[in-house]
Participant: 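Below is one structure. I have some questions about it.
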Amino acid sequence: MVSNTKEQALEAAIEQALTGLTTEAIKAAGGPDKIPADDLVANNGFERGLPTDFNAQYALDEKLFWRFLEQTQKPELTKLQKHNPVDWQRKLLERYDRLVKKHGILHLLKKGLPVDDAHFHLMYPAPLASSSEKVKQNFASNIFSCMRQVRYSLANPLQEIDIVLFLNGVPLVTMELKNAWTGQTARYHGQKQYREDRDVSQPLLNFGRCLVHMAVDTDEVYMTTKLAGKATYFLPFNKGHNHGKGNPPNPNGHKTSYLWEEVFTKDSIANIIQHFVRLDGSSKDPLRKRTLFFPRFHQLDVVRKLVDHASRQGVGHTYLIQHSAGSGKSNSITWAAYQLIETYPVSVEVAGGKSIEQPLFDSVIVVTDRRLLDKQLRENIKEFSEVKNIVAPAFKSAELKNALESGKKIIITTIQKFPFIVDGIEDLSDKRFAVIIDEAHSSQSGSAHDNMNRAMGQQDEEEDDQDKILKAMKSRKMRGNASYLAFTATPKNNTLEKFGEKQGDGSFQPFHLYSMKQAIEEGFILDVLANYTTYKSYYEIEKSIAENPEFDTKKAQKKLRAYVERSQQTIDTKAEIMLEHFIPQVVNAKKLNGKAKGMVVTQNIETALRYYKAITRILAARGNPFKVLIAFSGAKEVDGIEYTEAEVNGFSEADTKDKFDTDEYRLLVVANKYLTGFDQPKLSAMYVDKKLTSVQCVQTLSRLNRSAPKLGKKTEDLFILDFFNSTDDVKKAFDPFYTATSLSQATDINVLHDLKDALDDVGVYEWHEVEDFVKRYFKNEDAQTLSPIIDVAAERFEHELDLEDDAKVDFKIKAKQYVKIYGQMASIMPYEILAWEKLFWFLKFLIPKLKVKDPDADTVDELLESVDLSSYGLQRVKLNQTIKLDEADTELDPQNPNPRGAHGGDTDPLCQPSCPVGGFA
């Protein structure tokens, strides 16, 4: 006899996994009582619901609904019967129907059903580790059931839904099943059946009456919370495979068996109801206008794994969650924040001296620059928590303390204020924290780091959120009373090393991954590289379509040749090339229903201003078919005239983002601002005249990847014309993030031994001087007692040792390397070598005193090429006045010897009056 590969077999497999029985086996045996005990298999504790017990008018399994109430809440039923002796059942059902239409089933499952002076629980919540025996017994009294071939329609009594899952007779999940082996798929046929063949006016399929509707086959699962006919939008509920869509092969069964074996367990369903599913919007809004959120698989998975790890391993860990754009990070962060404040240790050992009946974390701190996240967190927590006012902002250490004392469990702060919060965590050593870092890229403001960039000689090199977070953490000795969870789509090497999990081969991997590849394949973002073109390729393409009547090739080729063949390219020429593409191919072609927009990415603010003027002139000559905006931070002088963004655009800098969203403006010219954290789904074209590398390249080009289903945005609508970078360079930048990011190996800590030995041997300082300096420094002595120690060593370096210029350069560079490496490693190392720490502080203040000069060079930077560092395990790469360590990819700024953030610039920190204590920060 051949295997049964039809849809019915999948139904039976799910039913058996949930209940231990199948309808087919019961029929064959002559009834459930005839099934031998040996034939019952392990199951998830579900009962079999009978289709004859389904009440289509109220969308309830009436038999199990009444049984649950009678077994668990008999006194409340007695109250209702006393006042309504004849029609008490009808009254309860009508009250249920009225409230579920108004609030949705989620509300009733959480809040219960009030009828007259009685109140009924429709679900008992899952117990915590510290819960009483009564709570555990109540949960065990819940009735989970699975019903096949449910005749749900009052209008068409023969129409059936394949499977419905119930809790105490209340429907939770509907499923339409397909079998890929018979050519029927969930992706197409299952979704089509819900959209076209199911009557959404029937109670079971009304919005809010169930939590989720799923199209399932043996390979894939898709879900929706709102059936709306042909407008129904399904999301994948798949694990992902090879960092892409779909599910991995399952050696023990169907690829989708995780759905009924892992997700549809009693504990799991209760957890999803209590801690994940939420109804967005105000209770004052009609139910049909609200949104019901059910977690995607990776969101469910990451939160559960974080909670499980914390409950078993305790506080003091770091987690890197690498989730691509399109992953729903805001919801994942919200769910994680709420569940972490209710995470309990599994044992006294994990609790670290505290009771297992106390939550592991006193508070969860969310570090973000998303203005909406604060509001979103507050609103979402209301859906989950009985205590409403548990969310508060904190921007100073004192505010953190006040928030904790007033019982705030979730505290919101910004990335700019994060250093103050770290100080507050250190001060509150008796408290425990989970710190969730939301890398939202604050480049829309961008002015905070302008002074620092100028000091580094890199005015347009922007310090992003990852840099700020790592700087704050590296500048302090992190205590073990906090766990740090970093959410980012594009982690840098240093971020991976700080937050990632170290593998057996020395590499670092994220704790959880939802890759760019999976997000693209699942349709949440678009593949920006699909239509990436360099100017050279563009030129060749233009030549190849010379006969295309839709394109004015003569004019375009003339402009392109002027750029390609002339030795001196001009911004005017490139601006014309951009508009020769943008106007006919984007604007006139009415891409995205005529709303498509473009971005011009330039090298720096001056270039951005010149591009803006060039584009404005060309558009004026063409009758101004649309307007262009510019975005940059601060003020910039060009050709003797000072410009600001507000003055050029004609309105406040804060309005730029909203103005660009209107139909009036179609192009935005930028340098650094808006290259990260800017979500504008109407962006479909980008013109790049700027060197882009690594993370910055991925973040910049990904401005185009936001999907816009209402505008019909597709991958083929995207276009990138790059005047600066090569295809190979861009591909190389994207490769690590397309699937997963892995750092080859950790910084070799032993290089510090080598550097220290080399520095000691020169004799610039005596070790007793280092000891004396550090002792005085940490006693907060006045700077006047410290300067002589540093000055003596500087005098030896300058005169007494008779060092050659090359030797002086060698010493200073090695000293800077030592300070940089140790500053980075100090917050990562699980051990401390006291001598390293002492030398770090001594060198940090000695370096600015070391004067180096050479007859053939004016600056130290020009001497770097003459110094051989290879014998110390270092390889020098001169890029934008930086030295990079080969394997760690760490930068040494020759003009900032202090990586820990106490002072910037090559100035004398001993003489700075702004320092709060003894001349030191």
Participant: Checking the side chain of Q299 only, and the main-chain atoms of S327 only, is there a donor and an acceptor separated by less than 3.5 Å?
Facilitator: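 Side chain of Q299 to backbone of S327: a pair is present.
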Participant: Report the distance from atom CG of N725 to atom NZ of K732, rounding to the nearest 0.5 Å.
Facilitator: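 Between N725 CG and K732 NZ, I get 13.0 Å after rounding to 0.5 Å.
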Participant: Output yes when a side-chain donor or acceptor of K597 lies under 3.5 Å from a complementary backbone atom of P681, and no otherwise.
Facilitator: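 No, because the side chain of K597 does not come within donor-acceptor range (under 3.5 Å) of the backbone of P681.
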Participant: Consider side-chain hydrogen bond (donor to acceptor under 3.5 Å, both in side chains). Of Q518, H298, H512, which one does H323 pass it with?
Facilitator: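 The passing option is H512.
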Participant: Do L592 and D717 have side chains that get closer than 4.5 Å, going by heavy atoms?
Facilitator: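 The answer is yes, as the side chains (C-beta and beyond) meet within the 4.5 Å cut-off.
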Participant: Can you name the closest pair of heavy atoms from A685 and F582 and give their distance?
Facilitator: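 Closest approach of A685 to F582: CB-CD1, 4.2 Å.
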Participant: Which pairs count as salt bridge (charged side-chain N to carboxylate O under 4.0 Å, His left out) when at least one residue sits in residues 232-243, sequence neighbours excluded?
Facilitator: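 Every salt bridge (charged side-chain N to carboxylate O under 4.0 Å, His left out) pair that includes a residue of residues 232-243, provided the two are not neighbours, is K239-E262.
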Participant: Take Y532 and T727 through the test side-chain contact (heavy atoms from CB on, under 4.5 Å) and record every step on the way to the result.
Facilitator: CA-CA 8 Å; Y532 174 86; T727 302; 4.0 Å; yes
Participant: Please determine whether side-chain contact (heavy atoms from CB on, under 4.5 Å) holds for the pair I321 and S332, giving the CA-CA distance in whole Å, both sets of side-chain angles, and the decisive distance to 0.1 Å.
Facilitator: CA-CA 10 Å; I321 297 93; S332 298; over 6 Å; no
Participant: Evaluate the criterion side-chain hydrogen bond (donor to acceptor under 3.5 Å, both in side chains) for residue pair S726 and D729; output intermediate values, then yes/no.
Facilitator: CA-CA 5 Å; S726 71; D729 289 341; 3.1 Å; yes
Participant: Can you see which heavy atom on V669 is nearest to which on A608, and at what distance?
Facilitator: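 For V669 versus A608, the nearest heavy atoms are CG1-O, 3.5 Å.
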Participant: Between S324 and I525, is any pair of side-chain heavy atoms under 4.5 Å apart?
Facilitator: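 SC-SC contact between S324 and I525 confirmed.
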Participant: Just do the side-chain contact (heavy atoms from CB on, under 4.5 Å) check on I618 and R622 with the steps written out, would you?
Facilitator: CA-CA 6 Å; I618 296 169; R622 294 174 178 240; 3.7 Å; yes
Participant: Taking all atoms of both residues into account, what is the closest heavy-atom pair of P709 and S707, and its distance?
Facilitator: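 Minimum heavy-atom separation between P709 and S707: CD-C, 3.7 Å.
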Participant: With a 4.5 Å limit on heavy-atom distance, are the side chains of T225 and T291 in contact?
Facilitator: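 They are not in contact (no side-chain heavy atoms under 4.5 Å apart), so the answer is no.
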Participant: Please, which pairs that meet salt bridge (charged side-chain N to carboxylate O under 4.0 Å, His left out) have at least one residue in residues 704-713, sequence neighbours excluded?
Facilitator: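 Sorted pair list: D679-R706.
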Participant: Quick check: are there more than 12 heavy atoms from other residues, nucleotides or ligands sitting under 6.0 Å from OH of Y188?
Facilitator: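 No - once you tally the heavy atoms of other residues, nucleotides and ligands closer than 6.0 Å, there are 12 at most.
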Participant: Measure the NZ-CG distance between K682 and N593 for me, rounded to the nearest 0.5 Å.
Facilitator: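 Interatomic distance, K682 NZ to N593 CG, rounded to 0.5 Å: 10.5 Å.
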Participant: Ignoring hydrogens and geometry, is there a side-chain-to-backbone donor-acceptor pair from N604 to A671 under 3.5 Å?
Facilitator: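 Checked: no pair found.
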Participant: May I ask you to check if R296 and F524 form a cation-pi contact, with NZ or CZ under 6.0 angstrom from the six-membered ring centre and within 45° of the axis?
Facilitator: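 Yes, R296 lies over the aromatic ring of F524.
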Participant: Please confirm whether the backbone N or O of Q696 pairs with a side-chain atom of T700, one donor and one acceptor, at under 3.5 Å?
Facilitator: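 Yes, the answer is positive, given that a donor and an acceptor are paired below the 3.5 Å cut-off.
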Participant: Roughly how far, to the nearest 0.5 Å, is CG of L704 from CG of L683?
Facilitator: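 These two atoms lie 6.0 Å from each other.
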Participant: Look at E645 together with K657 and state whether they make a salt bridge at an N to O cut-off of under 4.0 Å.
Facilitator: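 Salt bridge between E645 and K657, a charged N being under 4.0 Å from a carboxylate O: no.
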Participant: Would you please test D689 and R610 for salt bridge (Lys or Arg N to Asp or Glu O under 4.0 Å) and show each step?
Facilitator: CA-CA 12 Å; D689 193 14; R610 296 191 187 281; over 6 Å; no
Participant: Would a 4.5 Å heavy-atom cut-off, applied to side chains only, mark F660 and L667 as touching?
Facilitator: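 No - every pair of side-chain heavy atoms lies 4.5 Å or more apart.
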Participant: Short question: side chain of R703, backbone of L675 - any donor-acceptor pair under 3.5 Å?
Facilitator: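 It does hold such a pair.
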Participant: E664 and salt bridge (Lys or Arg N to Asp or Glu O under 4.0 Å): which partner among K627, K659, K595?
Facilitator: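 Of all the options given, the one that passes is K627.
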Participant: Where is the tightest heavy-atom contact between F724 and D722, given as atom of each residue plus distance?
Facilitator: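 Of all heavy-atom pairs spanning F724 and D722, the closest is N-OD1, 2.7 Å.
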Participant: Between F508 and F499, is any pair of side-chain heavy atoms under 4.5 Å apart?
Facilitator: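 Of all side-chain heavy-atom pairs linking F499 with F508, none is under 4.5 Å.
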Participant: Taking all heavy atoms of Y643 and all of F632, pick out the closest pair and write down the distance.
Facilitator: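 Smallest heavy-atom distance, with atoms named: O-CE1, 3.7 Å.
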Participant: Kindly indicate whether the side chain of T224, heavy atoms from C-beta on, has any atom under 4.5 Å from the side chain of L235.
Facilitator: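 Heavy-atom side-chain distance check fails, nothing below 4.5 Å.
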Participant: As an exercise, state the distance from CG of L320 to CG of L513, rounded to the nearest 0.5 Å.
Facilitator: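 Atom-to-atom, L320:CG and L513:CG are 9.5 Å apart.
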Participant: Using a strict cut-off of less than 4.0 Å between a Lys/Arg side-chain nitrogen and an Asp/Glu carboxylate oxygen, indicate whether K673 and E653 qualify as a salt bridge.
Facilitator: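 Here K673 pairs with E653 in a salt bridge, since their nearest N and O are under 4.0 Å apart.
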Participant: Could you walk me through whether D735 and K731 pass salt bridge (Lys or Arg N to Asp or Glu O under 4.0 Å), step by step?
Facilitator: CA-CA 6 Å; D735 278 345; K731 182 180 182 301; 3.1 Å; yes
Participant: Backbone N or O of G240 within a donor-acceptor pair of the N238 side chain at under 3.5 Å?
Facilitator: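 Checking the backbone N and O of G240 against the side chain of N238, no donor-acceptor pair under 3.5 Å is found.
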Participant: Quick one: does D301's side chain have a donor or acceptor within less than 3.5 Å of a partner on F297's backbone?
Facilitator: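 Looks like no, no N/O pair under 3.5 Å.
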Participant: Can you list the steps and then say if V366 with T413 is a side-chain contact (heavy atoms from CB on, under 4.5 Å)?
Facilitator: CA-CA 6 Å; V366 181; T413 192; over 6 Å; no
Participant: Within the side chain of Q603, is there an N or O that forms a donor-acceptor pair under 3.5 Å with the backbone of K691?
Facilitator: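 Confirmed, Q603 side chain pairs with K691 backbone.
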Participant: Do the side chains of V648 and L609 get nearer than 4.5 Å, heavy atoms only?
Facilitator: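 The answer is yes; the side chains approach within 4.5 Å.
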Participant: Quiz question: by atom type and distance under 3.5 Å, do the side chains of T232 and Q191 form a donor-acceptor pair?
Facilitator: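 Distance-only check fails for T232 and Q191.
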Participant: Could you check if a side-chain atom of M516 sits within less than 4.5 angstrom of a side-chain atom of F734, using non-hydrogen atoms only?
Facilitator: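 Yes, close enough: below the 4.5 Å cut-off.
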Participant: Please determine if R278 forms a cation-pi arrangement with F293, meaning its NZ or CZ atom is less than 6.0 Å from the six-membered ring centre and no more than 45° off the ring axis.
Facilitator: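 Yes, R278 lies over the aromatic ring of F293.
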Participant: Roughly how far apart are N705 CG and S684 OG, rounded to 0.5 Å?
Facilitator: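 OG of S684 is found 13.0 Å from CG of N705.
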Participant: Within the distance-only criterion (no hydrogens, no angle test), does the side chain of D658 pair as donor or acceptor with the backbone N or O of D655 below 3.5 angstrom?
Facilitator: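 Such a contact is absent between D658 side chain and D655 backbone.
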Participant: When rounded to the nearest 0.5 angstrom, what distance separates OG1 in T644 from CD in E642?
Facilitator: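 Going from the OG1 atom of T644 to the CD atom of E642 covers 8.0 Å.
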Participant: Minimum heavy-atom separation for T607 and I571, please, with both atom names.
Facilitator: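 Minimum heavy-atom separation between T607 and I571: CG2-CD1, 3.7 Å.
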